[in-house]
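Structure record follows, encoded as structure tokens.
Bear in mind the structure is a predicted one, so any value in this text is a computation, not a measurement. Throughout, a chain's letter reflects where its sequence line sits, starting with A, and its residues are numbered from 1.
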Protein chains: 2
Amino acid sequence: MTADNTPKTHRLVLMPSGRRGDVPHGITVLKAAASLGVEIESICAGRETCGKCLISLERGTFPKHDLTSIDEHLSPPDEAEIAYAEKYGISLEERRMSCVTRILGDVLITVPEESQARKQVIRKEASDLTIEVMPAMRLYYVEVEPAVLGGPGDWQRLQAALEAEWGLRDLRIDPLVLRTLQAALRNGKWAVTVTVWQGKEVVRVVPGYNDDLYGLAADIGSTTVALHLCDLRTGAVLATESAMNPQVRYGEDLMSRVTYTMMEAGGTGRMHHAIIKTLNDLALRAAETAGIDPRAIMDSVLVGNTVMHHLLLNIDPVELGRVPFALSTQDAVDIKARDLGLTALHPAAMTHVLPCIAGFIGADSVSVLLAEQPNLDSQMTLIVDIGTNAEILLGNRDHVVCASSPTGPALEGAHIRHGQRAAPGAIERVRIDGKTGRVRYKVIGDDRWNDMLDEGEKLSATGICGSGIIEAVAELFLTGLIDRTGRFAPDAAGRSSAVRFNGALGEIVLAPGSETSTGTDIIVTQKDIRAIQLAKGALYAGARMLMEHLGVAHVDRIKLAGAFGSYINPWHAMVIGMIPDCDLANVSAVGNSAGDGARIALLNIEQREIAARAAHAVEYVETGGTTTFQDRFVDAMTLPHASDSFPHLDGALPPSE
Amino acid sequence: MTADNTPKTHRLVLMPSGRRGDVPHGITVLKAAASLGVEIESICAGRETCGKCLISLERGTFPKHDLTSIDEHLSPPDEAEIAYAEKYGISLEERRMSCVTRILGDVLITVPEESQARKQVIRKEASDLTIEVMPAMRLYYVEVEPAVLGGPGDWQRLQAALEAEWGLRDLRIDPLVLRTLQAALRNGKWAVTVTVWQGKEVVRVVPGYNDDLYGLAADIGSTTVALHLCDLRTGAVLATESAMNPQVRYGEDLMSRVTYTMMEAGGTGRMHHAIIKTLNDLALRAAETAGIDPRAIMDSVLVGNTVMHHLLLNIDPVELGRVPFALSTQDAVDIKARDLGLTALHPAAMTHVLPCIAGFIGADSVSVLLAEQPNLDSQMTLIVDIGTNAEILLGNRDHVVCASSPTGPALEGAHIRHGQRAAPGAIERVRIDGKTGRVRYKVIGDDRWNDMLDEGEKLSATGICGSGIIEAVAELFLTGLIDRTGRFAPDAAGRSSAVRFNGALGEIVLAPGSETSTGTDIIVTQKDIRAIQLAKGALYAGARMLMEHLGVAHVDRIKLAGAFGSYINPWHAMVIGMIPDCDLANVSAVGNSAGDGARIALLNIEQREIAARAAHAVEYVETGGTTTFQDRFVDAMTLPHASDSFPHLDGALPPSE
């Protein structure tokens, strides 16, 4: 290898990146790749234990590259590598360990996706956003000097090993982990896998080689809690679980929960413990689904609106319920999971709570920002996350503004006569024939319209969810059964047999009792229509106010976030004037963006920094009590809207059935 | 003040430091003093609230200084200062607030002890060691901007205020303190007193001005736990409490406790919780004695031997019980008191556990080192801290070595027929008349010898403590009732009526049953003498081994630490050859040095650094199993010693009665 005629350097080409360069003779592929900027994963630091650094050898033809001599251009496998390959059924013809394979001549090598240190996780099919896996927790396999009489302590020798092998300095150790250190070192025969948080703190030491490393991302909504269990090494989602927010029993909407803390001593703690218990339950359930040990969950990211944020941290949300709606803190919070009571996780697991923006714009909005990235885009994007309050983000790479609009719970189906949450049995689609006045509908959980059923079948509707009521109002308006002010037309009952009057107040039967689960007619009342007008007016007014604030007349793109956004029909939403005019092709549902953002922050610490900066950069625009908003609000309650035009609706067809 | 003929600078002289220099016209005394290197205490940053920065005005004659014009050379008091002076009965003729008083001419000012930022605490009368009060916890009074709609969160504004007024940057806040922040700010009308740990973390926020700041220093001995409650602002000890170590019920000596953890599942946790409960109880008791709120205890320093150290931290001490006696960690540990279960303290209080040196040399020895500072002295000092093991430190400023000697529990009165702990009623002094063989004694709690009592009185002795048995053995040897091997002389019973034989084994009655509390004779048996020989032999052998290791033939000074050291008579200890030869004038009892060291580390963070460095610098010398030690040990069991001479005993008189 050191013969005089051996050149000092060789040409290395790395696929799929295409990076190439000259590297010294005898260097390992792992180090050579790093010198060309390609990081290959390795947990065991060349001890031929972890098998994370495998590379592929290309043996076929490859344009411009001679691959015939690859066996002579790489050092042969040693005994340990051969043993590993036999144990795991790996062909050393095709794959080699980059940590021990040395470069002896020009080579072209492929670094497969699973061996790249920064794996790319595609967030979802609909988006081109990719996230590199760079979690806050990292694994390091080390062999520690055995203890000797009068020598340094176990933690001191572990520190020395981590510094010598991985360059980790000034590490601290969670005092609870110190309790497990001695047994781990001895059970692992002085070899352990160490989990380090943010390059600063040792949070786990397990005997021998062990690459179990998991994290949780949870979106704590006022009504629903959704949790993803992710593999922190690969970024894969292993399980997704959801549950009702147990705080609902203390108050359906946010303000009633804030009121509860004011009225009931210990109310904050009670709601805190309730949500923490739910998170523990969900974590255990997710671990069971995924077949992993919940104690291997080392990290977690939590997001929620400001009241959820405060209750999560056991901070009394009382100040969020009164002027000037001051946040206890708006920056991200790093906290030991145990200090929150998240006992299902590893005892030294961490929790990161994303930052908030203002009194009504919480970590869930920052999470949406992280997932949708309007701040990186040239297009003017409007994002609405609809709940009891609608959080609205508007902007592009120049500037993003945000506001909260008091839509009330009507869009979630609450305070509506037959309203219900989006769940199987809820009427989610409504069509009214302009000529016959006949009503058709669909329920969640069945693909058929009610007039496509066989004899004797029924859909057994249980109620109406948010999207169903939006469509009902839109269809009533399009057919002229209600007027621009939302009032039933005097001749409405004559034009549709489904419409009836109860004194002066009209109502329409969507599903007669014979087709429902309860035997009662499912109806939309005049009062329900008013509630929807208030909600859509608030949302629209908020969006318009932000547009005026930024001085833009139209938006390029609208993203509807949250469960409601997934069910809603953009065309109907625009018909009733709930969202501003926009090319319908650019109106999309983006699903649980807050949950996506939480997952992004879980998998990538740089994204936590980005979230922190974004939270500070986003400008909050106050709606409550401002004259502009009130004027806009009153104006926006008509159908579709008193003063704005909706050119994109002209000639647009109602959505196909 | 700004007239043209006013000089730009004035001469300031500060007493008692004598520092002097030119300072700008109009500067406050506080800032001017700081510029000359004299730090004056101030918590409220010139808000005329805390009154901590008062200075004295010298009005009498003072050599070389004209003090007549002082009133013209200082700015007059403002309304707030006058109000404060009236409220607290302060004469503004004599004392002024240095934070607002401006220098308008040459002045001489005295900074009284109580206004110096770094107060000097004299540790104890016998020592010249002084410690500056520089605790890990510091108080900062700040006024925070009120919350505004859409403005930054409460914690963000508090950070801004702490940075603007105190230059504190990059502060984090304990997440549990975040829960109290909003109420504190509003109850204090936006003025709060903040406690900051190590300049890094906010651990308390209380409304308005509040300078309650306390700390605990505890020495956890195998048998006894001693705790001091200190004022962290002044350094004063407010209360001292002690209790039995509740772990005694799981094993009297250290090794039986280690064995307990091996034999009983959950044994470590049980002993951990027991000692933590005792510390909580002592903290509450101390707070009650001092009349303070235990929740104002913000810091704590704990020391103990290595097994106590591990059990405190809930670390299984099993490795300390077997070769190679590996410590889990030897460095100091900073831990949230709540993570230890110290719930009597403030929820965000910190605990600092001093470092250990080696498997048998724990944080208590580091604490002794801090209190006695042999490493700063030119004299060769031997320090022995006697318990079940004796920890021995030997050295001077060049080098310090340490060892642990297995003295066993005899010197603490255990495993001695009538042995007991040093407590009222225990025989602590013994004299035997060489001619008559008559025995005299004293008990703890009474100043009189048993032959000084009035008719019908008795001392009601309960047993013999360590110092009593040492004196008994020494007196037996001096009177020839026992020989150099420790065996009773065949004619001993003939020479003293107190001596009797039980078969071949002699024993001596110190107190006949008529004078004891139990009615039983209190005796010293041949077996007791053997136990003392073993103990003193181990101690002496350890000390000699360290002397040989350092190549020194004699020591300049001997310090006896711990409760035992306080009762023991150095002359008698030297007679039996328990300690090496030394000028008796230089043999002293230093009391609970470990507790003193804990208090020093509590009051001064620089001393924690010094302890950390010293722990690394001290060289551990292994005794167990080495041939040198075993030889020395056998040799040292004779009275006083087989091969060494004790020139300082020649001609020295027995201690006066």
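- Between E319(B) and S328(B), the side chains place no donor N or O within less than 3.5 Å of an acceptor N or O (distance only, hydrogens not considered).
- No donor-acceptor distance shorter than 3.5 angstrom exists from the side chain of H352(A) to the backbone of V301(A), with no hydrogens or angles considered.
- Neither the backbone nor the side chain of P146(A) comes within contact range of chain B; no heavy atoms are under 4.5 Å apart.
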> D299(A) and R608(A): salt bridge (Lys or Arg N to Asp or Glu O under 4.0 Å), yes or no, with the steps?
Replying inline: CA-CA 13 Å; D299(A) 203 6; R608(A) 298 185 190 179; 2.8 Å; yes
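- Contacts of residues 330-337 of chain A with chain B at a heavy-atom distance below 4.5 Å involve Q330(A), D331(A), V333(A), D334(A), I335(A), listed in sequence order.
- Contacts between N314(A) and chain B at a heavy-atom distance below 4.5 Å involve backbone atoms as well as side-chain atoms.
- Looking only at atom types and distance, the side chain of H549(A) has a donor-acceptor partner in the side chain of E619(A) under 3.5 Å away.
- Looking only at side-chain heavy atoms (C-beta outward), T623(B) and M545(B) come within less than 4.5 Å of each other.
- Using a 4.5 Å cut-off between heavy atoms, R338(B) touches chain A through its side chain atoms alone.
- A donor-acceptor contact closer than 3.5 angstrom links the side chains of T351(A) and S300(A).
- Ranking A183(B), G151(B), A358(B), P175(B) against chain A, the residue ahead of the rest is P175(B), based on heavy-atom pairs under 4.5 Å.
- Neither the backbone nor the side chain of R172(A) comes within less than 4.5 Å of any heavy atom of chain B.
- Distance check, rounded to the nearest 0.5 Å: CE of M262(A) to CG of D316(A) gives 8.5 Å.
- When V318(B), L181(B), V148(B) are compared by the number of non-hydrogen pairs under 4.5 Å with chain A, V148(B) comes out ahead.
- Heavy-atom distances place no part of L185(B) under 4.5 Å from chain A, backbone and side chain included.
- Exactly one residue among I220(B), L369(B), N305(B) makes a side chain to side chain contact (heavy atoms under 4.5 Å, CB included) with D364(B). That residue is N305(B).
- Residue L254(B) comes nearest to M308(B) through the heavy atom pair CD2-CE, 3.7 Å, listed as atom of the first residue, atom of the second, then distance.
- Residue contact with chain B, scored on non-hydrogen atoms closer than 4.5 Å, involves the backbone and the side chain of L178(A) alike.
- To the nearest 0.5 angstrom, T306(A) atom OG1 is 11.0 Å from I315(A) atom CD1.
- Heavy atoms closer than 4.5 Å to chain B are found nowhere in H616(A), neither backbone nor side chain.
- Atom SG in C402(B) sits 10.5 Å away from atom CG in L394(B) (nearest 0.5 Å).
- Comparing R157(A), Q182(A), H310(A) by heavy-atom pairs within less than 4.5 Å of chain B, the highest count is held by Q182(A).
- Interface residue R186(A): only side-chain heavy atoms are found under 4.5 Å from chain B.
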